[in-house]
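Throughout, protein chains are lettered first and strands after them, A, B, ... in sequence-line order, and every chain is numbered starting at 1. Please read all numbers here as calculations on a predicted model, not as lab measurements.
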Amino acid sequence: MLQQTPVVRVIPRLEAWLARWPTPAALAAVPSGEAVRAWDRLGYPRRALNLHAAAVTITERHGGVVPHDVGELLALPGVGDYTARAIAVFAYGHRHPVVDTNVRRVIARAIDARAEPGPPSSRRDLAAMEAILPPDVEESTVANAAIMELGAVVCTARAPRCEDCPIRDLCAWRAAGYPEYLGARQPVQKKFEGSDRQVRGLILRELRASDVPVTRSEIDTVWPDAAQRERALLGLLTDGLVTGSVADGYQLPG
DNA sequence: GAGTCGTGGAA
DNA sequence: TTTCCAAGACT
């Protein structure tokens with residue numbers, strides 16, 4: 001849920017989710033479409049599908065227990081470098097570098113004296129975090145959490161609160177006089193308004209709201225551009241977020 | 001490595 | 001209003 005999604009938006013959804021499905025086995029026992037429906041408007045609904053698939057794998061192959069091993073975690077659908085290590089470290093207390101967008105920003109500033117991190121590279125980013133991670137296991141766990149939290153609360157992307165920063169006296173960016181970001185800024189994100197992503201969201205919204213298959217003509221009402229509708233629906237079918245056909249109608253997956 | 005994939009709150 | 005961007009993953 002936390003992937004590319006603000007923490008404050010995740011917390012209430014997580015609590016409701018865990019109240020309904022307290023264990024991987026509980027989630028694995030329902031159709032994947034129920035996970036997509038419960039995901040509601042949290043965004044990136046393939047995460048719901050992946051989470052359900054991961055629950056099935058955990059139930060069938062790991063005895064219902066989320067694995068400790070980073071390699072086994074990485075093998076789960078939707079679990080990448082960040083999530084695998086976050087679980088191993090914060091749930092199980094193992095020693096691994098955990099690198100999210102906050103950590104990348106703190107390292108860029110405090111260590112590299114740059115206003116912003118460069119493009120993500122798991123190899124480089126993990127190595128950079130490993131280099132400053134305490135050797136002691138328990139200290140490393142605290143350090144992972146602390147650096148991430150520092151980036152989320154103090155060393156923020158827009159208006160960093162440097163005067164309140166606990167490591168301001170050893171921050172390389174501060175020592176260098178807060179140099180501006182060098183080089184061409186990579187384009188943030190393609191415009192959402194009018195995008196295929198928006199159409200996908202609108203189609204999925206229809207399917208979530210219905211307990212019976214939705215007809216093609218009903219889907220046709222959500223967006224004026226037919227070609228774009230077709231593209232979005234095909235994409236949803238390909239991703240497994242939607243099942244069905246023109247003849248049977250479309251619905252969330254079983 | 002570059003593109004794609006949702007949503008919504010804050011500046 | 002527009003832009004930014006948020007505990008990323010996958011192709």
Of A:F192 and A:P119, the one whose nearest nucleotide on DNA chain B sits closer to the 5' end is A:P119

Between A:P120 and A:P45, which residue's closest nucleotide on DNA chain B lies nearer the 5′ terminus?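 On the 5' side of the pair lies A:P120.
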
If you measure from the [atom1] atom in [N] to the same atom in [M], how many Å do you get, rounded?
N	M	atom1	value
B:dA2	C:dA7	C1'	23 Å
B:dG8	C:dC10	P	24 Å
B:dC5	C:dC5	C1'	15 Å
C:dC4	B:dG6	C1'	15 Å

NA contact type, [X], heavy-atom cut-off 4.0 Å: base, sugar-phosphate, or nothing?
X	value
A:D239	nothing
A:Q198	nothing
A:R13	nothing
A:L204	nothing
A:G43	base
A:T83	sugar-phosphate

Rounded off to whole Å, could you give me the [atom1]-to-[atom2] distance for the [X] and [N] pair?
X	N	atom1	atom2	value
A:R200	B:dT4	CZ	P	12 Å
A:L2	B:dG6	CG	C1'	15 Å
A:L241	B:dT4	CG	P	18 Å
A:E149	C:dA7	CD	P	10 Å
A:Q189	B:dT4	CD	P	11 Å
A:R205	B:dC5	CZ	C1'	16 Å
A:K190	B:dG3	NZ	P	8 Å

Tell me whether the side-chain N/O atoms of [X] come closer than 4.0 Å to OP1 or OP2 in [N].
X	N	result
A:R104	C:dA7	no
A:T101	C:dA6	yes
A:Q4	C:dG8	yes

Judged by each residue's nearest nucleotide on DNA chain C, which is more toward the 5′ side, A:V7 or A:V79?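 Looking at DNA chain C, the more 5' nearest nucleotide goes with A:V7.
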
First encountered from the 5' end of DNA chain C, between A:L74 and A:A157: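 Closest to the 5' end, via its nearest nucleotide, is A:A157.
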
Among the nucleotides B:dG6, B:dC5, C:dA7, which one has an atom lying closest to any side-chain atom of A:T5? B:dG6

Let's see if you can work this out: which of C:dA7, B:dT7, C:dA6 has an atom nearest to the side-chain heavy atoms of A:A152?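 Ranking C:dA7, B:dT7, C:dA6 by closest atom to the A:A152 side chain puts C:dA7 first.
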
Is [X] salt-bridged to [Y], cutoff N-O under 4.0 Å?
X	Y	result
A:E130	A:R95	yes
A:E34	A:R208	no
A:E163	A:R174	yes

Establish whether the base of C:dC4 is bridged to the side chain of A:R158 by a donor-acceptor pair shorter than 3.5 Å. yes

base_contact_polar (B:dT4 base, A:R197 side chain, donor-acceptor, <3.5 Å): no

Do other residues, nucleotides or ligands put more than 12 heavy atoms under 6.0 Å from A:R61 CZ?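 Counting neighbours around CZ of A:R61, 12 or fewer heavy atoms of other residues, nucleotides or ligands fall under 6.0 Å, so no.
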
Do A:R47 and A:N50 meet the criterion of a side-chain donor-acceptor pair at a distance under 3.5 Å?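 Checked: A:R47/A:N50 side chains show no N/O donor-acceptor pair below 3.5 Å.
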
Partner of A:I132 by side chain to side chain contact (heavy atoms under 4.5 Å, CB included), out of A:I111, A:V103, A:V106: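 So the option named by the test is A:I111.
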
